[in-house]
Amino acid sequence: MRYQRPKGTADILPGDSQHWQYVESVARQVFSKYRFEEIRTPLFENFEVFSRTSGDTSDIVTKEMYDFKDKGDRHISLRPEGTAGVVRAFVENKLYGPEVQKPFKTYYMGQMYRYERPQSGRQREFHQIGVEAFGSDEPALDVEVIAMGMDLFKHFGISNLRLAINTLGDKETRDNYRQALIDYLEPHFDELSKDSQVRLHKNPLRVLDSKDEEDQKFVANAPSILDYLTADAKQHFERVKQLLDALGIDYVVDSTMVRGLDYYNHTIFEVMVNSKALGHGYTTVCAGGRYNGLVKELGGPEVSGVGFGLGMERLLLLMESEGVEFPEEHHLDAYVVGISDAADTVTLKVVQALRQQDFSADRDYLARKPKAQFKTADRLNAAYTLTIGEAEIAVSTIHVKNMVSGNEVSAPLNDVINDFAGVIKGID
RNA sequence: GCGGUAUUGGUGAAGUUUGGUUAACACACCGGAUUGUGGUUCCGGCACGCGUGGGUUCGAGUCCCACAUACCGCCCCA
């Protein structure tokens with residue numbers, strides 16, 4: 001019986017892992033410019049951390065969460081998303097305290113788990129990069145987060161982006177709008193798709209998101225949430241738009257955009273891209289928004305937050321299909337060819353000496369013939385091939401060849417061991 | 001959770017329509033072409049075997065069933 005990795009998981013192998021590292025390092029650099037700092041929270045939390053924040057009836061809680069009882073009978077959940085854990089840490093460590101600069105800006109990257117049917121770019125274990133900023137209601141912070149998201153994609157080398165924004169307003173706005181939407185859709189109940197019929201009372205906003213063509217006809221004429229904004233909500237949203245304009249960031253307002261998680265309010269946004277890699281038309285690669293009230297929900301004070309998250313797997317698919325060039329990482333400075341058993345010891349010493357001088361170096365470990373070793377040096381794209389055999393050992397020298405120019409010299413063994421940089425300077 | 005398609009070596013795969021006896025071809029890899037210098041060329045090697053387990057049959061990679069996994073669509077999410 002052969003072992004297989006669990007359904008919906010992936011091995012990220014060398015070659016691929018370079019791409020991951022590149023994306024992560026670009027993200028760290030960008031975040032650092034905006035003064036966001038990394039936070040690392042547990043991969044699992046108490047079940048309630050997620051059920052409280054995502055909504056008890058949300059699908060993510062009722063059927064997509066990996067949850068279990070541990071040996072101490074604690075109800076544990078693998079994190080299905082990043083925000084809840086960060087908020088929990090924010091509260092538990094009292095990062096809302098006076099000694100912490102506001103807003104508190106942080107980012108995370110790591111595994112998330114959802115029990116769902118795997119598809120391309122959607123796995124049960126997947127990875128997200130996300131940011132959160134706590135402690136300011138100012139629209140300027142919403143805009144900083146959005147601007148940073150757009151900046152991030154620019155650094156990833158992705159263009160053809162579309163920024164869609166909307167507002168869910170405050171609680172009063174949502175309550176009023178929810179009722180208006182129900183009032184509008186109720187008369188058409190029988191004409192709605194089955195899924196939407198269920199959604200109508202459970203979460204009517206989600207009807208707006210329906211992919212059913214029939215539903216879309218009703219949605220087109222549905223009341224807009226923008227007409228139900230309270231004065232405060234409207235002012236917040238207007239300011240966000242003004243600031244985006246001021247920064248020259250293009251956007252479209254999509255009043256039908258909604259969120260699957262219950263904790264969002266006010267500004268929500270999605271970065272969308274038109275790429276065949278992720279399906280037809282514009283699809284979302286990054287989503288975020290404001291979540292005032294979430295901190296309080298988890299036992300903290302009334303502190304607001306805003307953030308976004310993006311899926312690594314989808315991002316990498318996108319970058320690969322857009323032909324983004326990843327930096328070549330596997331440079332090999334020197335390959336040391338040892339001829340005959342007599343050379344084994346000295347070959348190892350040379351390789352190790354080169355590494356001590358900060359050169360990357362490698363050698364053969366299969367006792368292969370010179371011919372095969374030279375082939376390997378070539379295939380590994382070594383900048384220099386060093387050769388040492390009985391003839392060299394006898395007079396304490398080593399042969400050094402520049403693989404690009406073909407120039408070669410015989411150098412004193414000690415020079416290579418102590419100052420390889422000086423030796424190669426003499427060749428080129 | 002529902003529906004569809006697929007699963008052959010390290011890789012890409014032919015073969016499955018019309019079940020028949022040695023699983024094509026290519027790439028990669030390994031070895032060799034007179035002794036210690038590469039990228040070309042030539043020669044040779046490389047599936048106890050067709051996802052797993054059952055079944056039908058004189059005979060199955062080719063037919064049937066179950067399971068697993070991947071991909072696509074739905075739910076969901078983004």
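Order of the sequence lines sets the chain letters (A, B, ...), proteins ahead of strands, with each chain counted from 1. Because the structure is predicted, anything quoted here is derived from the model rather than measured.
Between A:Gly82 and A:Gln128, the shortest heavy-atom contact is N-OE1, 4.1 Å. Of all non-hydrogen atoms in A:Ala27 and A:Met109, the two that sit nearest each other are CB-CE, 4.0 Å.
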Q) Using Watson-Crick and G-U wobble pairs with both distances under 3.5 Å, what is the 5'-to-3' dot-bracket string of RNA chain B, with [ ] for crossing pairs and | for pairs outside the strand? A) ((((((((.[[[..)....(....]]].(((((.......))))).....[[[[[..)....]]]]])))))))....

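Set against B:A70, B:U37, B:C30, the side chain of A:Arg379 has B:C30 as its closest nucleotide. In the set B:C76, B:G39, B:A70, B:G39 carries the atom at the smallest distance from any side-chain atom of A:Asp378. Checked against B:G36, B:A70, B:G73, the side chain of A:Ile339 finds its nearest nucleotide in B:G36. Comparing atom distances between the A:Ala372 side chain and each of B:C76, B:G31, B:C2 picks out B:G31 as nearest. Looking at the side chain of A:Arg117, the nearest of the listed nucleotides B:G38, B:G73, B:A78 is B:G73. Listed candidates were B:C76, B:G36, B:C77. Nearest to the side chain of A:Arg114 is B:C77.
A distance of about 14 Å separates the P atoms of B:G44 and B:C27, rounded to the whole Å. Comparing the C1' positions of B:C77 and B:G10 gives a spacing of 36 Å, expressed to the nearest Å. Rounded to whole Å, the C1' atom of B:A14 lies 28 Å from the corresponding atom of B:C58. Straight-line distance between the P atoms of B:A6 and B:U17: roughly 14 Å, to the nearest whole Å. Taking atom C1' on both B:G1 and B:G59, the two are 41 Å apart, rounded to the nearest angstrom. B:G39 sits 16 Å from B:A28 when the C1' atoms are compared, rounded to a whole Å. Taking atom P in both B:A23 and B:C65, one finds a spacing of 28 Å when rounded to whole Å. Distance noted for atom P between B:C42 and B:A47: 23 Å (whole Å).
Within the nucleic acid shown, A:Thr387 comes within 4.0 Å of at least one base atom, counting heavy atoms only. Counting non-hydrogen atoms under 4.0 angstrom, A:Ala382 reaches nothing in the nucleic acid. Within 4.0 Å (heavy atoms only), A:Arg368 reaches sugar-phosphate atoms of the nucleic acid but no base atom. Note on A:Gly338: nothing from the nucleic acid sits closer than 4.0 angstrom, heavy atoms only. Within 4.0 Å (heavy atoms only), A:Glu390 reaches at least one base atom of the nucleic acid. Among the heavy atoms of the strands lying under 4.0 Å from A:Glu392 is at least one base atom, whether or not backbone atoms are also near. Within 4.0 Å (heavy atoms only), A:Ala287 reaches sugar-phosphate atoms of the nucleic acid but no base atom. When heavy atoms are screened at a 4.0 angstrom cut-off, A:Lys369 is found touching the sugar-phosphate backbone but no base atom. Heavy atoms of A:Gly311 sit nowhere under 4.0 angstrom from any nucleic acid atom. Across all strands shown, A:Arg5 has no heavy atoms under 4.0 Å from either base or sugar-phosphate atoms.
The distance from the CG atom of A:Asn160 to the CG atom of A:Asn274 is 7.0 Å, given to the nearest 0.5 Å. The structure places CG of A:Asn166 at 12.5 Å from OH of A:Tyr251, a figure rounded to the nearest 0.5 Å.
Spacing between atom CG of A:Asn402 and atom P of B:G39 amounts to 17 Å, rounded to whole angstrom units. Atom CD in A:Gln4 sits roughly 15 Å away from atom P in B:C67 (whole-Å rounding). Going from atom CE of A:Met257 over to atom C1' of B:A78 covers 11 Å, rounded to whole Å. Atom CG of A:Asp364 and atom C1' of B:G36 are 14 Å apart (whole Å). The distance from atom CD1 of A:Ile268 to atom P of B:C77 is 13 Å, rounded to the nearest whole Å. Between the P atom of B:C77 and the CD atom of A:Glu125 lies a distance of 22 Å, rounded to the nearest Å. At whole-Å resolution of the value, CD in A:Glu116 and P in B:G73 are 13 Å apart. Taking atom NZ of A:Lys375 as the reference point, atom P of B:A28 lies 11 Å away to the nearest angstrom.
Residues from residues 143-170 of chain A lying near RNA chain B, meaning a heavy-atom separation below 4.0 Å, are absent.
Using the six-membered ring where Trp is involved, A:Phe31 and A:Phe36 have ring planes that are tilted, between 30° and 60° apart. A perpendicular orientation is assigned to the rings of A:Trp20 and A:His127, their planes being inclined by more than 60° (bins at 30° and 60°). Below 30°, between 30° and 60°, or above 60°: for A:His75 and A:Phe47 the angle between ring planes is below 30°, a parallel geometry.
Both A:Ile388 and A:Pro118 lie near RNA chain B, and the one whose nearest nucleotide falls closer to the 5' end is A:Ile388. The residue among A:Val404 and A:Thr284 whose nearest nucleotide of RNA chain B lies closer to the 5′ end is A:Val404.
One finds a salt bridge joining A:Asp175 and A:Lys171 here, because a Lys/Arg side-chain nitrogen approaches an Asp/Glu carboxylate oxygen to under 4.0 Å. Between A:Arg290 and A:Asp170 there is no salt bridge, since no side-chain nitrogen of the basic residue lies less than 4.0 Å from a carboxylate oxygen of the acidic one.
No side-chain N or O of A:His399 forms a donor-acceptor pair with one of A:Glu392 less than 3.5 Å apart. Between the side chains of A:Tyr115 and A:Glu64, no donor-acceptor pair of N or O atoms lies under 3.5 Å. For the residue pair A:Asp227 / A:Tyr177, no side-chain donor-acceptor distance below 3.5 Å is found, with atom types taken as modelled.
Residue A:Arg122 places no side-chain atom within donor-acceptor reach of the base of B:C72, judged by atom type and a 3.5 Å distance cut-off alone.
In the displayed structure, A:Asp341 atom CG is contacted under 6.0 Å by at most 12 heavy atoms of other residues, nucleotides or ligands.
Between A:Gln119 and B:G73, a side-chain N or O to OP1/OP2 separation shorter than 4.0 Å is present. Not one side-chain nitrogen or oxygen of A:Lys401 sits closer than 4.0 Å to the OP1 or OP2 atom of B:U37.
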